[in-house]
Structure formats: C-alpha cells, structure tokens
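Working notes, structure below.
What you are looking at is a predicted structure, and each value in this text was computed from that prediction instead of being measured.
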Amino acid sequence: METTDQNVEENNDPTYQPPTPSRKSDRLKNKSRVDFNLYRRPRDSNKIWEEREKKTFYNAIKQYGTKNWREVAKCLPTKSENVVKNWILREKRKQILEYEKRAVKVDGSYVALKDTTSRKRSDSEGVQDDLLTPDQRQTVQIEEVLVPRESKAPVDQWMRIIEEYSESELQKRKEKGLGPPVSCEKMIPMSLHWIAELEDHPSPEECGGIDYAAIYRYLYCLSEGDVPPDLDSVSAARVTRLLSDFSNLVRSTSLEKEKSYLENYNGPFTRYRTSEKFNDKSKSAKLLGDISSTPGMNPLNIHLELCLDKEIDHKPLVMLAKNEDQTEDI
C-alpha cells in the first residue's frame, strides 16, 4: 500500500526527484554520481503539465463539445479563453485544410510542388523536381497556401461541386452589380437547434433513458461542423440504430430515377425527363418550386419530381420502450 501511495505522489508532483543512493566505496564517495537510468532522471515539469493540459482539454471537449468553448476554458485555469478557442480552431482547420507548397512565377501562374504535406523539405528540392530550367528557378517565389484536403468520398465531392457552383454564381452577381444571394446554409442546423431547444420532448424516463433533446443537439453540432458533446450510452445506442435503420430503409427503396439522374449529372443544366404521373401544378409542387427558386436553396437545380411524394414506411424505425407500468412507441 505504501508503494502505491508513493507512486501516486511521484506522478502528481512535477517537482519530485527520486533520492540518489549513497555510495559505499570510500574512493567514490566524494565524486558526483551520474545516473544513466532514464526512469530515475529528473523529469521536465513543463512537459508534464503540457501532457496533463492536453488530456484535460480532450476530456472537456468530450463533455462540452467544441461549440461551448467557454466551458472548455473553465477546465483549463492556466489558459485563457482566447487560447482555448484558438486551439479548437486550429484542430478543426487541420481536419479540412492542408498546406500546399507552390512555385509562383512572375506572370502569376504557379506550379504545385510534389511534396505538399512536409514542411521540412527544402525549397530547392521541390523546385528542382518540378521546374526544369535554371531561369525558371531564379524567377519563382516559393509560397505555402492553405487548400482543402482532397477526399474521394462521394459526399465530399458533391459538396465541392455545390461550393464551386455557388462561388461562380456569386461572382456573376458581383459582375452585374448585385448583392449576395440569401444564404440557406444555416437552415438545417438552425432547424435542428430549434427542435432541440423549443419543442417539448418526452423525458428520458418515459423513453427508456433516451434523451431526444440531446440527440437533436448532437445532430445540430455535427451539421455545423463542430464536435458535439458525448451522448449517454442509451441515447448513443438509439442514434446508432437509427442510422443503421435509415440506411437499410434507403437501400430497400426504389431509387432508379435518382440514381440514373445523378450518374448522368453534368451540372445545373442537366436535362431530366419527367414521368406522366408528375403534376407540376399540384399544391406540393408549387410550394416546393417556390422554395427551390430562392437563390442558394437548390444550387444543383435538382428537378422537383425527385423530391416530391416520397412515402417512407416509418414502422421499422419504431422502438418499443417497456416500462413497469406501460409500453410506449418512441
């Protein structure tokens, strides 16, 4: 027991230095002792505190998420709120951006050097690999630019198409002297946020321990690009099951038209042949048409028929919560 308490005291005290055993030899008694055992050397107190702060920082992120950075800062009394906020922004930036080294010519054009991730590589190596003539090497300037990380995921590629088209449309509006269009990027995140905070949700006791308000907050943070606070085990299991059920539900739904349209998609002006059953004068078609006509709402110009009259059987998504007094669908 004494050994365990001593180890705990040593780990918690950054200034702790183990005692040096005395020499038994009279010849070496007055000489300094050099200890080559790394485990007995004095530890760097700054490094110890840095490791503890990182661990505390990540634990606070799990508890409060990145959006509530003020509460995260309260867990780190040695750091200011501005420092903690910059830490979070830096970590988020690393996930989506990377440094690209470019050799910029006099005329403004540039050549992307091969090694885009390593910042320790010398500039001369990159120039010799990509620029062939000595004259070019003398007239270029090496720059490092933050660029989006390349991703082969289909969702990221679709998002890149939307962003590029939105930027081109914004540039066209500027050339015509028009202001920026209405931004609809916050519509889904704010809808989830309002549902979480303003709607009446059943208590977790009535739903077998599932906190639906916390689930909506979790989805809201994800749609904003932030790290949400961890859910409790019961709510997390419900989210995992919902995602799996939604995936199976979509797979079992006939989406031949949507699949064919997306495979042949070439831009906002891609042609689409409507079916005979489609009625563009129906109430739902007019309502969705008015919404999609808002600038920025439908940047890919998806046809209305692909979004109307989607019937989903929600029964496979229902889960029975069995309590002592009642059984209820949630």
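- Residues G209 and D232 come closest through the heavy atom pair O-OD1, 3.8 Å.
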Does the side-chain contact (heavy atoms from CB on, under 4.5 Å) test come out yes or no for L306 and Y272, once each step is laid out? CA-CA 10 Å; L306 299 177; Y272 175 77; 3.6 Å; yes
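- Rounding to the nearest 0.5 Å places NZ of K277 at 14.5 Å from CG of L308.
- How far CH2 of W69 is from CD of E81: 5.0 Å, rounded to the nearest 0.5 Å.
- A distance of 7.5 Å separates CE of M187 from CD1 of I291, quoted to the nearest 0.5 Å.
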Kindly indicate, with the supporting measurements, whether the criterion salt bridge (charged side-chain N to carboxylate O under 4.0 Å, His left out) is fulfilled by K74 and E71. CA-CA 5 Å; K74 292 180 181 179; E71 293 296 329; 3.3 Å; yes
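- The two residues R238 and Y212 have their closest heavy-atom pair at NE-OH, 3.4 Å.
- Counting heavy atoms from C-beta on, the side chains of Y64 and P229 never come closer than 4.5 Å.
- Counting heavy atoms from C-beta on, the side chains of S292 and L304 come closer than 4.5 Å.
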Stepwise side-chain contact (heavy atoms from CB on, under 4.5 Å) check, V239 with L231: CA-CA 9 Å; V239 173; L231 295 171; 3.9 Å; yes
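- In this pair, F57 and W87 present their aromatic rings perpendicular. The plane angle is above 60°, beyond the 30 to 60° band.
- Put simply, the side chain of S260 never gets that close to the backbone of K257: no donor and acceptor are under 3.5 Å apart.
- A donor-acceptor contact shorter than 3.5 Å is absent between the side chain of S235 and the backbone of I210.
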Could you please spell out the steps behind the salt bridge (charged side-chain N to carboxylate O under 4.0 Å, His left out) verdict for R102 and E144? CA-CA 6 Å; R102 298 176 178 178; E144 287 186 343; over 6 Å; no
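- Here the side chain of D226 pairs no donor or acceptor atom with the backbone of L222 at under 3.5 angstrom.
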Could you walk me through whether K174 and L178 pass the side-chain contact (heavy atoms from CB on, under 4.5 Å) check? CA-CA 6 Å; K174 287 182 178 180; L178 301 176; over 6 Å; no
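- Checked by atom type and distance alone, the side chain of R149 never pairs as donor or acceptor with a backbone atom of I96 at under 3.5 Å.
- In this structure, R93 CZ and L146 CG are separated by 5.5 Å, a value rounded to the nearest 0.5 Å.
- Under the 4.5 Å side-chain criterion, counting only non-hydrogen atoms from C-beta, Y218 is not in contact with D230.
- Below 30°, between 30° and 60°, or above 60°: for H201 and Y216 the angle between ring planes is between 30° and 60°, a tilted geometry.
- Separating the CZ atom in R217 from the CG atom in L192 is a distance of 12.0 Å, to the nearest 0.5 Å.
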Can K101 and E143 be said to form a salt bridge (charged side-chain N to carboxylate O under 4.0 Å, His left out), step by step? CA-CA 6 Å; K101 188 176 290 186; E143 295 182 357; over 6 Å; no
Quick one, C307 with I302, criterion side-chain contact (heavy atoms from CB on, under 4.5 Å). Give me CA distance, side-chain angles, the key distance, then yes/no. CA-CA 8 Å; C307 306; I302 302 296; 4.1 Å; yes
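- In this structure, the separation between CD1 on I61 and SG on C75 is 9.5 Å, given to the nearest 0.5 Å.
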Give the intermediate values and the outcome of salt bridge (charged side-chain N to carboxylate O under 4.0 Å, His left out) for residues K286 and D290. CA-CA 6 Å; K286 289 182 178 179; D290 293 339; over 6 Å; no
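- Looking only at distances, a side-chain donor or acceptor of T56 sits under 3.5 Å from a matching main-chain atom of R52.
- Counting heavy atoms from C-beta outward, Y220 and E197 have side chains that stay 4.5 Å or more apart.
- For the pair S244 (side chain) and T240 (backbone), a donor-acceptor distance under 3.5 Å is absent.
- A donor-acceptor pair under 3.5 Å links the side-chain atoms of N86 to the main chain of N82, judged by distance alone.
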